[in-house]
Amino acid sequence: MGKNKLKKFKEMESIEFVHQYPFARLQSEGFPLRGRWGADFFHNDNPIVLELGCGKGEYTVGLAGRTPEKNFIGIDIKGARMWTGATEARRLGLTNVSFLRTDIELLPYFFAPGEVAEIWITFPDPQMKKVRKRLTSTRFMELYRKVMADGGRIHLKSDSPFLYTYTKAMVELNGLQVADDTANLYARNLADDDVLRIRTYYESQWLDRGLTIKYLSFLLPQQGELREPDVEIPYDTYRSFSRGQIQCPELCNNKD
């Protein structure tokens, strides 16, 4: 491990709103803030919003700065990336933000049923060949149900035509209520929508190279069986920055 990573990990230990909890300790003691995030950490009863796979935490910090009436928690397994957002949140003096270093599949260890109001999934790997790893699959929807309030809101922001199309099919098949949907977010007027205008570094790069950004938001009820859509979806014909270097923008329309 490089010295720079070690330095970041050391600094993360000193940031009071960063939580790194070893799994063995989690199993033996449980997480003390589970069910108590509002009362014991944020010291308010504002809605709790998660960003899954937050990476450098740019979106978590952006959301927290623009929406003081909510509490935001960025979640990722890679601490060196998270350091960027954590140090920026500390520099800005934000009090409604936290970071949690853990695997997404462990969410129920950290949050009690109904404790989470919203989940943001920003530019995840579309996992085109592995539906079980897809963060908008029904498998993960069932996981989110374990921590979310009834009718909690899921936000997907993605550069991937494949993931956007798949998620729309999943939502439609299961009759989930759509709150917002666009295949080209920046083609519409976002002047009054600070939250959707947040751009990460890589998102700006994608836009500069001709990619369109998709946004889909829907409500997840606690009840009802969820079914996987049986649809054939063309694979993305490019690789975004998180999955390799982007290719020419004319390939970004999913055509062979």
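Note: hydrogens, waters and symmetry copies are ignored here, and every other heavy atom, side chains too, is used.
One hydrophobic cluster, built from ILVMFWY side chains closer than 4.5 Å, cannot hold both Phe31 and Ile77; they sit in different ones. Leu219 and Phe140 sit in two unconnected hydrophobic clusters of ILVMFWY residues. Membership requires side-chain heavy atoms under 4.5 Å apart, directly or through other members.
Not one N or O on the side chain of Thr67 forms a donor-acceptor pair closer than 3.5 Å with the backbone of Lys70. Looking only at distances, no side-chain donor or acceptor of Ser158 sits under 3.5 Å from a matching main-chain atom of Tyr164. Proximity of a side-chain donor or acceptor of Asp76 to a complementary backbone N or O of Gly55 within less than 3.5 Å is detected. Under the 3.5 Å distance criterion, the side-chain polar atoms of Arg134 are matched with a main-chain donor or acceptor of Pro126.
For Gly74 against Thr60, the heavy-atom pair with the smallest separation is CA-OG1, 3.4 Å. Across Leu100 and Met82, no two heavy atoms sit closer than the pair O-CE, 3.4 Å. Closest non-hydrogen pair, Gly62 versus Ile198, comes out as C-CD1, 3.5 Å. Across all their heavy atoms, Met141 and Thr136 have their closest contact at CE-CA, 3.6 Å. Taking both residues in full, the closest heavy atoms of Pro234 and Phe162 are given as O-CD1, 3.5 Å, listed atom of the first, atom of the second, then distance. For the pair Leu176 and Pro221, the tightest heavy-atom approach, listed with the atom from each and the gap, is CD2-CD, 3.7 Å.
Side-chain contact between Tyr235 and Ser160: absent, with no pair of heavy atoms (C-beta onward) separated by less than 4.5 Å. Residues Asn96 and Leu94 form a side-chain contact, since some pair of their non-hydrogen atoms from C-beta on lies under 4.5 Å apart. Taking the side chain as every heavy atom from C-beta outward, Phe111 and Leu33 never approach each other to under 4.5 Å. For the pair Leu52/Ile119, a side-chain contact is recorded, criterion being any heavy-atom separation below 4.5 Å from C-beta on. The side-chain heavy atoms of Thr212 and Tyr186, taken from C-beta on, include no pair separated by under 4.5 Å. With a 4.5 Å cut-off on side-chain heavy atoms, Cys54 and Phe99 count as touching. Annotation: side chain of Arg227 is in contact with side chain of Asn174 (closest heavy-atom distance under 4.5 Å). The closest side-chain heavy-atom distance from Lys214 to Thr182 is not below 4.5 Å.
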- Intermediate values then yes/no, salt bridge (charged side-chain N to carboxylate O under 4.0 Å, His left out), Arg90 and Glu11: CA-CA 12 Å; Arg90 182 174 61 181; Glu11 187 172 356; 2.5 Å; yes
- Task: Show the numbers, then the answer: is there a side-chain contact (heavy atoms from CB on, under 4.5 Å) between Val97 and Phe42?
- Result: CA-CA 8 Å; Val97 65; Phe42 292 112; 5.8 Å; no
- Verify side-chain contact (heavy atoms from CB on, under 4.5 Å) between Ile73 and Val49, making sure each step is shown before the conclusion. CA-CA 6 Å; Ile73 303 172; Val49 182; over 6 Å; no
- Task: Mind running side-chain contact (heavy atoms from CB on, under 4.5 Å) on Tyr144 and Ile154 for me, showing each step along the way?
- Result: CA-CA 9 Å; Tyr144 306 153; Ile154 306 284; 3.9 Å; yes
- Could you check Trp206 against Phe123 for ring pair (Phe, Tyr, Trp, His ring centres under 6.0 Å), going step by step and ending with a plain yes or no? CA-CA 11 Å; Trp206 294 326; Phe123 302 99; 4.8 Å; yes
- Message: For Val131 and Glu228: C-alpha separation, side-chain torsions, deciding distance, then whether side-chain contact (heavy atoms from CB on, under 4.5 Å) applies.
- Response: CA-CA 9 Å; Val131 65; Glu228 274 294 323; 3.5 Å; yes
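Separating the CG atom in Leu173 from the NZ atom in Lys168 is a distance of 14.0 Å, to the nearest 0.5 Å. Interatomic distance, OG1 of Thr138 versus CZ of Arg132, reported as 9.5 Å (0.5 Å rounding). From Leu143, atom CG reaches atom CE of Met148 across 11.0 Å, with rounding to the nearest 0.5 Å. In this structure, CG on Leu211 lies 5.5 Å from CG on Asp159, to the nearest 0.5 angstrom. Atoms CG and CG, on Leu135 and Asp125 in that order, are 8.5 Å from each other to the nearest 0.5 Å. Distance check: Asp180 CG to Leu156 CG gives 11.5 Å after rounding to the nearest 0.5 Å.
One finds no salt bridge joining Glu115 and Lys146 here, because no Lys/Arg side-chain nitrogen approaches an Asp/Glu carboxylate oxygen to under 4.0 Å. Under 4.0 Å is where a charged nitrogen must lie from a carboxylate oxygen, and between Arg199 and Glu203 no such pair does. Using a 4.0 Å cut-off between a side-chain N of Lys or Arg and a carboxylate O of Asp or Glu, Arg34 and Asp40 do not qualify as a salt bridge. Between Glu105 and Arg139, at least one side-chain nitrogen of the basic residue sits less than 4.0 Å from a carboxylate oxygen of the acidic one, meeting the salt-bridge criterion. Note on Glu142 versus Arg145: salt bridge recorded, some NZ/NE/NH1/NH2 to OD/OE distance being below 4.0 Å.
Crowding of Gln177 atom CD: a count of heavy atoms from other residues, nucleotides or ligands under 6.0 Å not exceeding 12. Within a 6.0 Å sphere centred on CD of Glu13, other residues, nucleotides and ligands contribute more than 12 heavy atoms. For Asp192, the CG atom counts as loosely surrounded, since its 6.0 Å shell holds 12 or fewer non-hydrogen atoms of other residues, nucleotides or ligands. Counting heavy atoms of neighbouring residues, nucleotides and ligands inside a 6.0 Å radius, atom CZ of Phe23 exceeds 12 of them.
For the residue pair Glu51 / Thr122, a side-chain donor-acceptor distance below 3.5 Å is found, with atom types taken as modelled. Inspection of the Tyr166 and Gln127 side chains reveals no N or O donor paired with an N or O acceptor under 3.5 Å. One side chain, Gln20 or Arg101, offers a donor N or O that lies under 3.5 Å from an acceptor on the other. In this model, no donor atom of one side chain and acceptor atom of the other lie less than 3.5 Å apart for Asn184 and Tyr215. Lys157 and Tyr59 form a side-chain donor-acceptor contact under 3.5 Å, judged by distance and modelled atom types alone. For the 3.5 Å distance criterion, the side chains of Asn44 and Asn71 qualify, holding a donor opposite an acceptor. Between the side chains of Arg153 and Ser217, at least one donor N or O lies within less than 3.5 Å of an accepting N or O.
For Phe110 and His19, the gap between ring centers reaches or exceeds 6.0 Å.
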